[in-house]
Amino acid sequence: MLVNAKEILNKAYAEHYAVPHFNINSLEWVKAILDTMQELNKSVILGVSEKAAEYFGGWKLVADIVKDYISFKNITIPVVLHVDHGKSFESCKNAIDAGFTSVMIDASSFSLEQNISIVKQVVEYAKTRNVSVEGEIGHISTQEVGKENVSVLADPEECQIFVRETGIDFLAPALGSAHGIYVSEPKLDFDRMKKISDLIKIPLVLHGGSGIPDDQIRKSIKNGISKINVNTEFQQAFADEIRNFLASDKNVYAYRKIMGIAMKALEKVAKNRCSVFDCREKEK
Ligand code: 13P
């Protein structure tokens, strides 16, 4: 069932657990993640970046694949089809028109005023179509191999103004995480996280979820994080599995056999992350 992210994130925020946002990069990701989440009976947000959408063959093709797979496999869990780091109003509009149920508009490289103005335009278009919206404050960088994290941390007062002015449903503030592979252990700014959460009282999003130690993930959820984005861990597991499998058998060539092995690796990552993100399970 395709839904927007608002209700499932509000519930997660109220009950202190996090809904996984797993990025999808091809049909194999769609299959492995949806099958696993159905087996676990948990909601999931499928994140699609502009580059991934281009690789798939456009927003519409991604939406059609996800919708058809949900119907083909009778997937009954709530599934959110979400734009990850949409760069413009046009891009978000195209995805919404293609059937996406949630969008992130990332105008964080602009001034606060420009960021507000771009995000407001997206919110206006999205709200009348029952689509949820995420925005970003500060800047969450992409980690370059061998270089330090160059993210710009979010200012709590700016977050408050941004949420009030735009009417977004959830916010991604830069809190010390980064996309990609960390060169040293990330140190999230929990005081800032709590301050922002207390001020804005809507679900917070943690980007750069790969490689963050589990204790920091749990502490983040206690401090208002309700959506955690993971991409790199899946990509690494997928590539490692294929590398090892092909090295172990020089005669293997069948595409579905190779992808079947790789999808098992995706399934393992999804299960592992869910066991940490759903803190309610530890309390049962
Ligand atoms: P990682 O690739 O570091 O897991 O980050 C994913 C992400 O934040 C997507 O928006």
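Only heavy atoms go into these numbers, but all of them, side chains included; no hydrogens, no water, no symmetry mates. Counting starts at 1 for both ligands and their atoms, in listed order. If you read the sequence from its start, that first residue is 1, and numbering goes on from there.
No donor-acceptor contact under 3.5 angstrom links the side chains of His82 and Asp84, judged on distance only. Donor-acceptor pairing under 3.5 Å is lacking for the side chains of Glu134 and Ser102. Using a 3.5 Å distance cut-off with no hydrogens or angles, the side chains of His207 and His85 do pair a donor with an acceptor. Judged purely by distance below 3.5 Å, without hydrogens or angles, the side chains of Ser111 and Gln114 pair a donor atom with an acceptor atom. With hydrogens and angles left out, the side-chain atoms of Lys73 and Tyr69 include a donor and acceptor closer than 3.5 Å.
Remark: minimum distance from atom 10 (O) of ligand 1 to any protein heavy atom is reached at Asp84 OD2, 2.8 Å. If you check which protein heavy atom lies closest to atom 2 (O) of ligand 1, you get Thr232 OG1, 2.6 Å. If you check which protein heavy atom lies closest to atom 4 (O) of ligand 1, you get Ser210 OG, 2.5 Å. Looking at atom 7 (C) of ligand 1, its nearest protein heavy atom turns out to be His179 CD2, 3.3 Å. Summary of contacts: the protein heavy atom closest to atom 8 (O) of ligand 1 is Gly208 N, 2.8 Å. Of the protein's heavy atoms, Gly180 N, 2.9 Å lies nearest to atom 3 (O) of ligand 1.
With Phe162 as the aromatic partner, Arg164 does not meet the cation-pi criteria of under 6.0 angstrom to the ring centre and within 45 degrees of the ring axis.
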inquiry  = If you apply the rule salt bridge (charged side-chain N to carboxylate O under 4.0 Å, His left out), what do you find for Asp97 with Lys93, and how did you get there?
reply    = CA-CA 6 Å; Asp97 292 348; Lys93 178 184 179 298; 2.9 Å; yes
inquiry  = Run the side-chain contact (heavy atoms from CB on, under 4.5 Å) test on Met104 and Phe170 for me, step by step, so that the C-alpha distance in whole Å, both residues' side-chain angles and the decisive distance to 0.1 Å come before the verdict.
reply    = CA-CA 9 Å; Met104 175 195 193; Phe170 34 103; over 6 Å; no
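Remark: distances from the non-hydrogen atoms of Gly47 to ligand 1 are all 4.0 Å or more. Using a 4.0 Å heavy-atom cutoff, Met104 is absent from the residues neighbouring ligand 1.
The atoms of ligand 1 that sit less than 4.0 Å from any heavy atom of His85 are 10 (O). Residue Val230 approaches ligand 1 through these ligand atoms, each under 4.0 Å from one of its heavy atoms: 4 (O). Heavy-atom contacts of His207 reach the following atoms of ligand 1: 8 (O), 10 (O) (cutoff under 4.0 Å).
Neither the backbone nor the side chain of Glu233 has any atom closer than 4.0 Å to an atom of ligand 1 (non-hydrogen atoms only). Contact annotation for Asn23 and ligand 1: only side-chain heavy atoms (C-beta onward) come within less than 4.0 Å of the ligand.
Under a 4.0 Å N-O distance rule, the pair Lys257/Asp249 does not qualify as a salt bridge.
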